[in-house]
Structure formats: structure tokens, C-alpha cells
Amino acid sequence: MWWFQQGLCFLPAALVIWTVASFVFAYITAVVLTHVDPLVPYISDTGTMAPERCVFGIMLDVSAVLGVATVYVRYKQVEALTDEDDVTSRRLNWIGLLLGCISSFGMSVVANFQKTTLFIMHLVGAVLTFGVGALYILFQTLLSLYMHPHISSRTIYLVRLGIGVCTLCSIVSMFVSSVIMYSTLRGVDVPHKLHWIPGEPGYLAHMFSTVSEWCLAFSFISFFLTYIRDFQKINLRTEVDLLSSHLYDSPHGSISASRRNNPSETSPLLAGAT
């Protein structure tokens, strides 16, 4: 059996690969069509103009769906592994689910509201994606700490902690450099500025900001790679719960008694094996 056939580990792997592909594809297309400069543009700039913005939006919408699925499976797995009287872990787990869904929704907002069209909404989506996403990483890291040593290893906790620190440093660096850039370029329509000339005012701060954004995006998305080994130990199955033995609005005489007396299948939507 291949590694991606074990449990649901294909889910975080697909999330990471698909999201990175959306960034790379949009970047290559935007550079080839000379819509942006090849030297580290903003990720948002690579998905601003047609045709790359169309595919960029579709691909990130798919990433948002994969993100919701991933955080939900993680939530159910932790719920199954922790005791009912472990109030702290269960509360952290529930908050993590909420933060993960909000972050995934923010990714869809970023994809569908380009910075040159509705900058405020695009900025809100970025804050939801990376700001709330950083909180999601924090809560999942704390969960890993609480689940050590009986359920989770110290190594995975340290890896998640390191990714969280990189994500936080990238956010701070991007925020500071962006403030400096906007204060330097007062009166300039920065959201619509897609081409930069080396040496012009604000160029250095712009480069720090774009590099920080790419580091932030890849550090954030790489966090989900730490779920691969965990998701190898959980499976998903559907549940069929029949409320009636027929599809008529009223009792139907032709239904056999044995069919009516058969109990419906009732099984958990998510079954975890650890």
C-alpha cells in the first residue's frame, strides 16, 4: 500500500500540493504575460489580471474546500483521542475547528476579491487567512503539547512550534515593511502598482514585504504537512440512516414486512483508528 493510500493522509497532502500549484501557476502565467515583475511580486499581484486571476480564483476555492475538510478531520480525530473529562483539550480542539474554517473562508475571499478591484475586502480575506490561520497553528501546537506524551510525540510538537514561529515572524516582517512602504509612497495608488523599478522610493520596503508574504504563505501551508502521519491513522466512512422503508409520502402496502422491520444503519460519520 502506498503512503497516500493509508487512512486520510492524502487530504493534507492534496491541500498543500494544490495550493502551492495555484501560487506557482499564477506566478508563471503573470510573468510570461508581463503582468508583474519576475522578481518576487506579491502573490495577490499574480492573481490580479485575466486570465491568471480566473484560474487563481478557482484553484484557491478548491483549496478552501480542502482546508475545511482537513481541519474537520483533525477536529474529529482529536475528539476521538481525548477523554471526555479533558476539558482543556476539547475546548482547544473546538476553537481550532472554528479558526480553521474561518481561515479557509478567508482564502476564498482573497481569491475572489482582487486587490485592484476591492482592496478592503481583499485585505480582510488576507487577515482571515493568515492572521486567523496563525491562531489556528497556535491552538494546534498547544493541543500537540497537551497530547504529549501519551498520544502525540514531542518531535511533532517542536516541528509545529517551529512552523508557528516562522509564520509569526513573517507576519510581523510583512506588517512592518508594508507600513514603511505605504508611508513612503503617500499619494501613490499602491494596490494598483504592479511594476517596480529598483532604486525608486519604497522599493526596498516593497521587496521585504513581498519576500515576507511568500515566506508566510509557504510556512502556513507547510503546517498541514505535519498532519500526514496523523491522518494515516484515521478513516472516513459514510452513514446511511433510513427514516422510512419507502419513498412515498404515505404508507405503501406493497412494502414487505421484513423490509420494514430491518433496522437502519447507524454508524459514526468519522471512525478513527489509532
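In this pair, Trp196 and Tyr203 present their aromatic rings tilted. The plane angle is within the 30 to 60° band. Classification of the Tyr248-His246 ring pair by plane angle, with boundaries at 30° and 60°, yields tilted.
The neighbour count for Tyr182 OH, taken as heavy atoms of other residues, nucleotides or ligands under 6.0 Å away, is above 12. Residue-environment remark: CH2 (Trp18) stays at or below the threshold of 12 foreign heavy atoms within 6.0 Å. The 12-atom threshold is exceeded at CZ of Arg90, counting heavy atoms of other residues, nucleotides or ligands nearer than 6.0 Å. Heavy atoms of other residues, nucleotides or ligands lying less than 6.0 angstrom from CZ of Phe218 number more than 12.
Each of Leu185 and Val179 belongs to its own hydrophobic cluster when Ile, Leu, Val, Met, Phe, Trp and Tyr are linked at side-chain heavy-atom distances under 4.5 angstrom.
The salt bridge (Lys or Arg N to Asp or Glu O under 4.0 Å) check on Arg53 picks up nothing, with sequence neighbours excluded. Considering only residues two or more places apart in sequence or on other chains, Ala126 meets the side chain to side chain contact (heavy atoms under 4.5 Å, CB included) condition with Val110. With sequence neighbours excluded, the residues satisfying side chain to side chain donor-acceptor pair (under 3.5 Å) with Asp37 are His195.
Residues Val127 and Val132 are not in side-chain contact: their nearest non-hydrogen atoms beyond the backbone lie 4.5 Å or more apart. Between Leu97 and Asn93, the closest side-chain pair of non-hydrogen atoms is not below 4.5 Å. Side-chain contact between Cys101 and Val71: present, with at least one pair of heavy atoms (C-beta onward) separated by less than 4.5 Å. Asn112 is listed as a side-chain neighbour of Asp61, based on a closest heavy-atom distance under 4.5 Å. Considering only heavy atoms from C-beta on, Arg160 stays 4.5 Å or farther from Ile137 through its side chain. Between Gln140 and Phe223, some side-chain heavy-atom pair lies under the 4.5 Å cut-off. Using a 4.5 Å cut-off on side-chain heavy atoms (C-beta onward), Ser170 and Trp214 make no contact. Between Thr48 and Thr117, the closest side-chain pair of non-hydrogen atoms is not below 4.5 Å.
Atom OH of Tyr136 sits about 9.0 Å away from atom CG of Leu99, to the nearest 0.5 Å. Between atom CZ of residue Phe119 and atom OG of residue Ser44 there is a gap of 9.0 Å, rounded to the nearest 0.5 Å. Note that CE of Met147 and OG of Ser153 are 10.5 Å apart. Values are rounded to the nearest 0.5 Å. Atom CG of residue Leu138 and atom CG of residue Leu161 lie 9.5 Å apart, to the nearest 0.5 angstrom. Here the CG atom belonging to Leu92 is positioned 6.0 Å from the CG atom belonging to Leu142, to the nearest 0.5 angstrom. One finds the CD1 atom of Ile228 at 12.5 Å from the CG atom of Leu8 (value rounded to the nearest 0.5 Å).
Aromatic rings of His206 and Tyr42 (six-membered ring for Trp) have centroids within the 6.0 Å cut-off, being under it.
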Derivation and outcome, salt bridge (charged side-chain N to carboxylate O under 4.0 Å, His left out), residues Asp230 and Lys76: CA-CA 12 Å; Asp230 295 350; Lys76 295 298 291 185; over 6 Å; no
Side chain to side chain donor-acceptor pair (under 3.5 Å) between Ser152 and Tyr146, intermediate numbers included: CA-CA 9 Å; Ser152 183; Tyr146 276 103; over 6 Å; no
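A donor-acceptor pair under 3.5 Å is absent between the side-chain atoms of Ser209 and the main chain of Ala205, judged by distance alone.
In terms of heavy-atom proximity, Ala217 sits nearest to Ile43 at CB-CD1, 3.6 Å. For Lys115 against Val190, the heavy-atom pair with the smallest separation is NZ-O, 4.5 Å. Nearest heavy atoms, Ser104 versus Val68: OG-N, 3.5 Å. Of all heavy-atom pairs between Ser89 and Leu143, the closest is O-CD2, 3.4 Å. The nearest pair of heavy atoms linking Phe23 to Leu60 is CE2-CD2, 4.1 Å. Nearest approach of Ser173 to Ser177, heavy atoms of both residues: O-OG, 2.8 Å.
At a cut-off of 3.5 Å, with distance as the only test, a side-chain donor of His35 or Glu52 sits close to an acceptor on the other residue. Side-chain N/O atoms of Ser63 and Thr19 include a donor and acceptor closer than 3.5 Å.
Ion pairing between a basic and an acidic side chain is recognised when a charged N comes within 4.0 Å of a carboxylate O; Lys193 and Glu200 show such pairing.
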